[in-house]
Amino acid sequence: MNQKGILGIDIGGTGIKGAIVDVKKGVLLTERIRLQTPQPATPKSVAATVEELIDELKYKGPVGVGFPATVRRGVAVSAANIDESWIGTNIEKTLGKKTGLPFFALNDADAAGIATMSFGAGREFAKDGVVVMITIGTGLGGALFVDGELMPNLEIGQIFLKNQKVVAEKFISNKVRKDTDMSWPEFGKKLNKFLSHVDAVLNPDLIILGGGASKNFADYKKFLKTNAEVRAATLANAAGTVGAAVYASKRQ
Ligand code: BGC
């Protein structure tokens with residue numbers, strides 16, 4: 001075990017990823033382990049996978065966990081991409097009881113945003129400015145920062161776009177792209193509809209794209225026509241893990 005670091009875990013719709021993180025530098029101290037999210041992703045099955053991940057890393061200490069739903073005071077309040085039985089479940093207590101370690105839980109996009117504002121593409125707006133981070137994965141996650149302060153649980157993927165019958169994350173996400181074999185230009189055009197709306201409503205200085213689809217930013221960048229500058233998250237997929245560990249280090 002690496003005493004210097006704190007374990008950050010990112011629970012996603014398809015994978016549960018974890019690594020020990022140097023929270024001062026925002027870098028991983030171990031390789032990032034990825035286990036399949038069990039299906040159905042109930043509190044019991046997810047807790048067992050989290051325990052497996054901790055055993056593999058031989059870690060003891062506080063754990064930060066990014067969770068793919070609204071999280072209020074450690075409790076899951078929504079469940080768009082995880083089993084519904086999580087609603088009303090205390091994530092921190094459930095995982096803590098299974099593993100014997102103290103857990104600190106927050107929304108997964110908020111975790112990615114914290115890392116990005118401290119160590120990544122949002123650094124220059126960390127003290128002054130409005131930044132929206134959007135994670136494009138199985139769902140669409142959102143994190144809003146005003147002068148570096150996080151407004152938690154921005155459920156940006158749950159908004160409706162004009163003339164659409166489904167919420168934004170069912171209209172465009174990395175999952176929608178893969179499921180429909182969408183080309184990157186098509187993806188860019190659909191993403192632009194969503195981002196233009198977010199831009200008009202929140203009027204941020206900067207929009208940062210994270211999650212799986214941010215790796216291909218160069219393939220669809222030219223279709224994005226927002227007033228706010230759009231950047232890809234430099235920490236890419238590690239942001240959620242790093243941010244969760246940073247969050248735990250502040251709350252422990
Ligand atoms: C959830 C969000 C989450 C996002 C990314 C959405 O389905 O509603 O809470 O941040 O997926 O995982």
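One-based numbering, in listed order, for ligands and for the atoms of each.
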Contact atoms of ligand 1, heavy-atom distance to Gly141 under 4.0 Å: 4 (C), 5 (C), 10 (O)
Ligand 1 contact on Asn153 by region, counting heavy-atom pairs under 4.0 Å: neither
Rounded distance [0.5 Å steps], CZ in Phe171 versus CD in Gln164: 4.5 Å
Donor-acceptor pair between Glu155 and Thr70 side chains, under 3.5 angstrom: yes
Ligand 1 to Ser78 polar contact by distance, N or O atoms, under 3.5 Å: no
Plane angle bin for Tyr220 and Trp184 - parallel if under 30°, tilted between 30 and 60°, otherwise perpendicular: parallel
Check: Thr135 N/O within less than 3.5 Å of ligand 1 N/O: no
Ala69 to ligand 1, any heavy atom closer than 4.0 Å: yes
Taking atom 9 (O) of ligand 1 as the reference point, the nearest protein heavy atom with its distance: Glu155 OE2, 2.6 Å
Phe67/Trp86 aromatic ring centres below 6.0 Å: yes
Nearest non-hydrogen protein atom, atom 7 (O) of ligand 1: Glu169 OE1, 2.8 Å
Salt-bridge contact Glu149-Lys127 (side-chain N to carboxylate O under 4.0 Å): no
Contact partition for Asn107 relative to ligand 1, non-hydrogen atoms under 4.0 Å: side chain
